[in-house]
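Here is the structure we will look at, set down as structure tokens.
Throughout, protein chains are lettered first and strands after them, A, B, ... in sequence-line order, and every chain is numbered starting at 1.
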Amino acid sequence: MSKEKGYDFAAIEKKWQNYWDENKTFQAVMDHSKPKYYPLVEFPYPSGQGLHVGHPRSYTALDIVARKRRLEGYNVLYTMGWDAFGLPTENFAIKNHIHPEIVTKDNVAHFKAQLKSLGLSFDWDREINTTDPSYYKWTQWIFIQLFKKGLAYKAKMNVNWCTSCKCVLANEEVVNGVCERCGGEVVHKEKSQWMLKITEYAQRLIDDLSLVDYFDRIKATQINWIGRSTGAEVTFQTTLGDPLTVYTTRPDTLFGATYMVISPEHPLIEKWADSIQNMDEVRAYQAEAAKKSDFERTEVNKDKTGVKLDGVKGINPVNDREIPIFISDYVLVSYGTGAIMAVPAHDTRDYDFAKVFRLPIIEVVKGGDIEKEAFTDCETGIMVNSGFLDGLSVEEAKVKIEDWLEETKKGVRKVNYKLRDWVFARQRYWGEPIPIVQCEHCGYVPIPESELPLRLPEVESYEPTEDGQSPLANIESFVNTTCPKCGAPAKRETDTMPQWAGSSWYFLRYCDPHNDKELASKEALDYWMPVDWYNGGMEHTTLHLLYSRFWHKFLYDIGVVSCPEPYAKRTSHGMILGEDHVKMSKSRGNVVNPDQIVAEYGADTMRLYEMFMGDFQLSAPWNPRAVSGCKRFLDKVWNLQEKVVDGDSYRKELETPFHQTIKKVTEDIEALKFNTAIAAMMSLMNQIAAVGSINRAEYRDLLILLNPFVPHITEEIFERQGFMGPITSCSWVSYDEEKCKENTVEIAVQVNGKIKAKMTIPSDMESADVIAAAKRDEKVASEIEGKTVVKEIYVKGKLVNLVVK
RNA sequence: GCGGGUAUGGCGGAAUUGGCAGACGCGCCAGACUUAGGAUCUGGUGUUCUUAACGUGCAGGUUCAAGUCCUGUUACCCGCACCA
């Protein structure tokens, strides 16, 4: 039931949405006579809940950009699709005994209807769906190329295992020690997994950020995640004869190493098992560490624990001193060499450990108070107790010791990254099958490309198995095959790819979505790529955004694409919060349904409000009452139809406001400042209302200016007024810089920085004249009377300040 | 602990290079038109002891002039977190 009056938005919006569909208004066709523009928004996961009000914030923003660009004469590619593989669909399918394909189809239909109701200018002929075999054929194809280049490999390793999804997770998917998706407990498990060697691209993923225009915070987050550090690998001999290599960023403190620590999973422990006298204690500690969840293991301020290995010692290469070796879970097996030299005087963790185990603490950098705490400063300290390093600064010492290590072959300079290789397999049904066969004779063999796509088989049950295998493992007709190389009986890989696979290259498919010969034609890729402007959520910065940059770089290396980076520009929108200023969630009951807003106020109001509610980059709470303010504005625009007078140019009193507003809107859209662009148009509307009428030229331009924001109402009025339309085939309005200037300005007059008067002057008045006029002002004159003016300042068009004594 | 962000009226938020703090919208107050108003229109609306003073988380500083620059500090939000 609508309580709002005003124009009939429901009929108008339906009418124009049909018009755009029937006329394929937004169809993107390659046209070398026009400059191309490729704005991109993250395609959604079509969940059962339907569209969230957060989705349209991003979609509308780039829709505004896309519509403006078209009016400016660009050939625009703006598209939508579905990132439809994933666990929620699978879980829903299991629970309700419906095939995931059908669940996906229903969800997509619902999402699509919701998006269409918003009047977004997508080219729906290019719609893609990652679960479509004609799409995942190419996801599999890329995997095979990665395999051929040695970037996809299978390895037995310690992985994150979600106990609830019964599935492995990538490092990026473990959040606060629990599963990002379901919140289930994550434990470590030794498993043989397909991995992608993203680490091989770590340096380029950092370096090439200089080629792109991303928000600084996005770059910073990615650099931080990749986590580059420089230092040295140093090899310690041990009393059992096996060398033990450690990684350190502080080789300068080598003389201060008083013990060593290796991770509980370190392979040397097994090798040394017979020589270690307290092996029972060691095994007990290992078992304890393995049992701990990620959450427990990374708990902050946890007391240091460990076990000393009896029967083996390390030998410090710099002074041949024998030092004890411990195992402790504060050393991670997956970073560096899984072993460290401990310098308690200059590392807070080693310091804590040394205190617990009463180990010697030797100061080698002077400047702190190691009785109280570790001294970790690298800027000010001077080397002491360090033989040939004594007296040097930390920086000098680093260079000297690294040279020494390399000369004596006791160590090498080394760069390390926190980034890990990408665990690229999931033990679930609803994902892309990995197109690999395991043959007893030939090992892992990719299936021939002519057999792609390797389709998901029909199964009875999608339930993951208790033993950690994919449901596909139970389908004998799928598993049993022959080796593509030697023809012998062989078995298919039964794990599927993670959710992030399909989204790692989808922007390429949009360029040529129906191609069945290649993932996209070279011509289409060369024409449309790179994406000119990509907007999406901050939460994807270390997931999708990093993964897709990696895939794109790989495709660049093998000659599929011609640009080294996929996205020229990346921005992020803030979250839309509930009315109570916290994240919308079902349990809080603060979720706003976009359908309801569209039904009650119309898509144009919905679009306008989401763009007006605040700074696009920051989170903003939903205010149901403020929505009606946007509707009121549109009603005023509509009602202007009764106040139209003749006229083929701006009337004098509206000329400057029009030019100023056009300039502001034109610039603000580019700067993501939709809120102030809308404020400027509301302001212009108020000035028109004050005049009491609008002439045809003014109305026409106002409608074009508003069109990218509110496309339906503006097209309707345009048509009713008999302007040459539709607006989608018009040109963007232009402004004249000269005409943005006011003839007269009001300036403030200050005395000693305090405002005493205001005066209106011609904007081109000379400085001396302005100051003279200011002094003549009655109020000002009385303020300065009997005092000396020591300084006179005139800021053109702003203010006069007289400094008096 | 590390990295990033935010702080301005009753509310959402504006404010190039430092230059009239509070644009625009919501809400609120008053009036008009009305049988009616949760519609529409008009005017008003930072605070106070209103010839003026005080006001952008807090404390200092620089400057003729600071929301904006500098130093220190607090609170909240987001990401990472025993990465040697």
Rounded to whole angstrom, note down the [atom1] distance from [N] over to [M].
N	M	atom1	value
B/A66	B/U17	C1'	14 Å
B/U16	B/C69	P	11 Å
B/G67	B/A7	C1'	11 Å
B/A39	B/U35	C1'	15 Å
B/G43	B/A52	C1'	26 Å
B/C11	B/C28	C1'	11 Å
B/A53	B/G4	P	42 Å
B/U47	B/U8	C1'	14 Å

I need the [atom1]-[atom2] distance between [X] and [N], as an integer number of Å.
X	N	atom1	atom2	result
A/Asp329	B/A84	CG	P	17 Å
A/Met341	B/C82	CE	P	20 Å
A/Asn639	B/C41	CG	C1'	12 Å
A/Glu233	B/A84	CD	P	13 Å
A/Glu746	B/G19	CD	C1'	15 Å
A/Arg632	B/U42	CZ	P	12 Å
A/Lys754	B/C54	NZ	C1'	9 Å
A/Lys418	B/C82	NZ	P	9 Å

Assign [X] to base, sugar-phosphate, or nothing according to its heavy-atom contacts below 4.0 angstrom with the strands shown.
X	result
A/Ser619	sugar-phosphate
A/Lys583	nothing
A/Asp350	nothing
A/Gln750	base
A/Lys414	nothing
A/Asp615	sugar-phosphate

Find the partner of [N]: check Watson-Crick (N1-N3 plus N6-O4 or O6-N4) and G-U wobble (N1-O2, O6-N3) distances, both under 3.5 Å, and reply none if neither fits.
N	value
B/U56	none
B/G1	B/C80
B/U6	B/A75
B/U68	none
B/A21	none
B/U35	none

Can you tell whether the side chains of A/Arg607 and A/Glu610 come within less than 4.0 Å, N to carboxylate O?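 Salt bridge absent between A/Arg607 and A/Glu610.
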
Looking only at side-chain atoms of [X], point me to the closest of [options].
X	options	value
A/Ile793	B/G4, B/A84, B/C64	B/C64
A/Ala626	B/G19, B/C26, B/G13	B/C26
A/Phe612	B/A84, B/G25, B/A65	B/G25
A/Trp225	B/C80, B/A84, B/C20	B/C80
A/Ala220	B/A65, B/G3, B/C20	B/G3
A/Asn801	B/A65, B/G4, B/C20	B/A65
A/Ala748	B/C20, B/G12, B/A84	B/C20
A/Val803	B/A84, B/C64, B/C20	B/C64
A/Asn686	B/C20, B/C24, B/G12	B/C24
A/Leu618	B/A84, B/G19, B/U6	B/U6

Pair A/Glu667-A/Lys663, salt bridge (charged side-chain N to carboxylate O under 4.0 Å, His left out): steps then yes or no: CA-CA 6 Å; A/Glu667 291 172 355; A/Lys663 177 178 159 76; 3.2 Å; yes

Select from A/Ala679 and A/Asn623 the residue whose nearest nucleotide in RNA chain B is closer to the 5' end of that strand.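 Closer to the 5' end of RNA chain B: A/Ala679.
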
Toward the 5' end of RNA chain B, by each residue's nearest nucleotide, A/Gly336 or A/Val795: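 Between the two, 5'-proximity favours A/Val795.
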
Below 4.0 angstrom from OP1 or OP2 of [N], is there any side-chain N or O of [X]?
X	N	answer
A/Asn224	B/C2	no
A/Lys798	B/A21	no
A/Tyr335	B/A84	yes
A/Lys673	B/A15	yes
A/His581	B/G12	yes
A/Ser229	B/A84	yes

Between A/Lys304 and A/Tyr330, is NZ or CZ placed under 6.0 angstrom from the six-membered ring centre and within 45° of the ring axis?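 Relative to the ring axis of A/Tyr330, which defines the angle, A/Lys304 lies inside both limits.
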
With no hydrogens and no angle check, just 3.5 Å: does a side-chain donor-acceptor pair link [X] and [Y]?
X	Y	result
A/Gln660	A/Tyr735	no
A/Ser229	A/Tyr335	yes
A/His544	A/Glu42	no
A/Arg413	A/Thr230	no

Mind listing the closest non-hydrogen atom pair of A/Ala339 and A/Thr245 along with its distance?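 Heavy atoms of A/Ala339 and A/Thr245 come nearest at CB-O, 3.7 Å.
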
Looking at every heavy atom in both A/Asp580 and A/Asn590, which two are closest together, and how far apart are they?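 Residues A/Asp580 and A/Asn590, closest heavy atoms: OD1-ND2, 3.0 Å.
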
Determine if the base of B/G9 is syn or anti; take syn to mean the glycosidic torsion is within 90° of 0.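 In terms of base orientation relative to the sugar, B/G9 is syn.
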
Test log, rule ring-ring contact (aromatic ring centres under 6.0 Å, His included), inputs A/Phe612 and A/Phe674: CA-CA 6 Å; A/Phe612 184 59; A/Phe674 305 106; over 10 Å; no

